[in-house]
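I have placed the structure first, in the form of structure tokens, so that the comments after it can refer back to it.
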Amino acid sequence: MRRFYAILIAAALVYMLISFISTVPSYGKADLKERVSDAFLSKSVNAQNTKAWMEGKAIHRQPAKEIYGKKVKEEGSANVVTSIVVNYRSFDTLGEVTVLFTAALGVGLILGGSRRKQYGREANFVLKTSTGILVPLIIMFGAYIFVHGHLTPGGGFPGGTIIAMASLLLYLSDEKFFLSKASTGALEGSMGGTYVIIGLLGLAIGGYFLYNFLPNGVVGNLVSAGIVPLVYVAIGLKVGAELSGLVTDLHSEKEG
Amino acid sequence: MVFWISAILIGIGVYGLLTQKNLFKQLISLSIIDTAVNIFIIAVGYVDNGKAPIYSKAVPKFMEGAFVDPLPQALVLTAIVIGVGVLALGASLLVKVKEKHSSIDVENMKGVGE
């Protein structure tokens with residue numbers, strides 16, 4: 001009987017959601033000219049008339065222009081998603097990093113311990129040998145992902161997660177492996193501090209928190225986009241250390 | 001229709017939350033709803049034949065309709081990270097529940113008032 005009512009409630013909710021679908025533009029027909037995304041894509045947010053935007057009139061059409069391989073004054077990363085996440089809305093990302101930190105802190109408080117949990121089973125030969133070969137490659141791939149965050153898909157969060165998976169592999173293959181709280185905590189804290197210090201430097205030099213105070217360079221080069229790669233390296237190492245600490249918490253137990 | 005898929009996934013998640021007595025299955029139901037909302041937000045920004053919003057040698061120019069909307073993708077990146085945090089914290093709480101009450105099934109928990 002309970003399942004029947006559950007199906008009824010779920011079906012009513014689905015019906016309600018489907019009836020709302022007609023109010024959003026149909027799939028594949030999104031009109032970017034009506035959205036702020038047009039300004040993000042053409043890297044001309046500073047040129048917008050914000051007052052007209054807020055009154056809901058004067059949708060500013062952006063002219064077609066060459067961006068790849070050129071010097072763009074406002075923003076220099078080839079990946080537009082990265083330019084939004086780490087440059088235009090970097091303050092949001094600082095909050096996001098804080099949320100992840102709080103979650104890792106909560107897991108540490110609930111499960112954390114000072115000793116490695118013993119499962120009493122030995123990893124087999126294939127896992128042990130392949131771990132030695134794969135771990136450096138996985139760490140290198142993670143570093144590649146976050147260093148190229150402003151050029152290719154990816155960035156600090158996926159790169160950091162890949163690095164944490166390397167430590168998970170070490171935990172699975174070796175019963176005695178244990179990362180100390182001091183090492184992951186030190187990396188995590190210093191990298192979180194680096195992000196805030198970059199923001200405060202922007203405040204000192206340009207007058208805004210997280211202001212992009214380095215030259216933008218040519219769109220598409222590895223060394224371009226000002227502070228974006230620096231911030232993404234900091235985020236990548238921080239997320240990697242944080243999730244490694246989380247994996248450590250899951251595999252540890254309290255003394256006695 | 002991608003919108004329909006996300007609506008149906010939300011329905012599945014709500015059904016799981018209402019019927020399942022295993023707390024871990026309820027956590028997974030929450031995770032399914034999270035994914036469904038992410039799919040919906042991404043789908044709202046899709047443009048027919050639009051490329052991924054990355055400038056490269058193949059797509060060097062800004063033009064109308066050349067790229068999909070990058071803003072929902074940036075928002076979903078945030079949402080995914082927060083989803084991971086919620087899932088990790090919830091799973092660690094479930095480990096503690098299992099240690100204290102010997103089960104994560106609502107009906108078999110010991111020492112819980114009726």
Side-chain angles (χ1 to χ4, degrees), chain A residues 2-3 5-7 9-11 13-14 17-18 21 24-25 27-30 32-33 35-38 40-43 61-62 64-69 78-81 83-85 89 92-93 96 99-100 102-104 106-107 110-111 151-153 155 157 161 219-220 239 243 246 249-250, chain B residues 1-4 6-20 36 40 43-50 52-75 77-82 84-89 91-93 95-96:
Chain A
R2 204 174 55 158
R3 281 174 192 268
Y5 283 125
I7 289 175
I9 292 170
L13 190 71
V14 169
L17 289 171
I18 286 177
I21 282 177
V24 296
Y27 180 68
K29 299 279 183 294
L32 298 197
K33 291 192 290 296
R35 304 183 182 183
V36 283
S37 314
D38 216 31
F40 285 131
L41 274 170
S42 62
K43 300 190 188 297
R61 285 201 164 198
Q62 301 304 319
K65 62 178 177 184
E66 194 88 12
I67 286 191
Y68 185 79
N79 186 342
V80 182
V81 178
S83 78
I84 294 174
V85 168
R89 297 183 175 218
D92 282 4
T93 308
E96 182 187 354
V99 168
L100 195 60
T102 315
V107 174
I110 293 167
L111 289 182
L151 301 177
T152 54
F157 294 100
T161 312
V219 176
V239 171
L243 294 182
L246 208 148
D249 288 331
L250 292 175
Chain B
M1 280 295 286
V2 181
F3 294 145
W4 289 63
S6 84
I8 289 166
L9 276 176
I10 289 177
I12 291 172
V14 170
Y15 173 79
L17 275 181
L18 290 174
T19 55
Q20 296 306 312
F40 179 77
V44 164
Y46 183 69
V47 178
D48 276 333
N49 299 320
I54 297 172
Y55 288 105
S56 62
K57 279 203 184 74
V59 208
K61 249 176 109 173
F62 167 76
M63 280 183 302
E64 278 172 18
F67 293 111
V68 299
D69 195 345
L71 192 58
Q73 302 193 4
L75 297 180
L77 183 65
T78 311
I80 288 173
V81 172
I82 290 169
V84 168
V86 169
L87 195 61
L89 198 58
S92 67
L93 282 172
V95 170
K96 277 290 157 189

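The figures here come from the full heavy-atom set of this structure, side chains too, leaving out hydrogens, waters and symmetry mates. First the proteins, then the strands, lettered A, B, ... as listed; each starts at 1. Computed from a prediction, not measured in an experiment: that's the story for all the values here.
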Strictly under 6.0 Å, is that where the ring centroids of B/Phe67 and B/Tyr55 end up? yes
Determine yes or no for a side-chain-to-main-chain donor-acceptor pair under 3.5 angstrom, with A/Arg2 supplying the side chain and B/Thr19 the backbone. yes
What part of B/Leu17 lies closer than 4.5 angstrom to a heavy atom of chain A: side chain, backbone, both or neither? neither
Contacting moiety of B/Val47, where chain A heavy atoms sit under 4.5 Å: both
Between A/Leu17, A/Thr102, A/Val81, which has the largest tally of heavy atom pairs under 4.5 Å with chain B? A/Val81
Which bit of B/Val86 is near chain A, if near means a heavy-atom gap under 4.5 Å: side chain, backbone, both or neither? neither
Which bit of A/Ile7 is near chain B, if near means a heavy-atom gap under 4.5 Å: side chain, backbone, both or neither? both
Does any heavy atom of chain B fall under 4.5 Å from the side chain of A/Val99, the backbone, both, or neither of them? side chain
Per-residue contact mode, A/Leu246 against chain B (heavy atom under 4.5 angstrom): side chain
Could you walk me through whether B/Trp4 and A/Ile21 satisfy the side chain to side chain contact (heavy atoms under 4.5 Å, CB included) test, starting with their C-alpha distance in whole Å, then the side-chain angles of each, then the deciding distance to 0.1 Å, before giving a yes or no? CA-CA 8 Å; B/Trp4 289 63; A/Ile21 282 177; 4.3 Å; yes
Against chain B, label A/Phe157 side chain, backbone, both or neither, depending on which of its atoms sit under 4.5 Å from a heavy atom there. side chain
Would a distance-only check, ignoring hydrogens and angles, find a side-chain to backbone donor-acceptor pair under 3.5 Å from A/Thr93 to A/Val85? yes
Selection from B/Leu77, B/Ile12, B/Val84, B/Ile8 maximising heavy-atom pairs under 4.5 Å formed with chain A: B/Leu77
For the interface with chain B, which of A/Leu111, A/Leu151, A/Thr161 has the highest count of heavy-atom pairs at distances below 4.5 Å? A/Leu111
Within the structure provided, determine whether B/Val68 and B/Pro53 are in side-chain contact (heavy-atom separation under 4.5 Å). yes
Any side-chain heavy atom of A/Ile18 within less than 4.5 Å of one from A/Val14? yes
How about A/Val24 and B/Phe3: do any of their side-chain heavy atoms sit closer than 4.5 Å? yes
May I ask you to test the A/Arg3-B/Tyr15 pair for a side-chain heavy-atom distance under 4.5 Å? yes
Toward chain B, the part of A/Ile110 with a non-hydrogen atom under 4.5 Å: both
Could you tell me which portion of A/Thr152 (side chain, backbone, both or neither) has an atom closer than 4.5 angstrom to a non-hydrogen atom of chain B? backbone
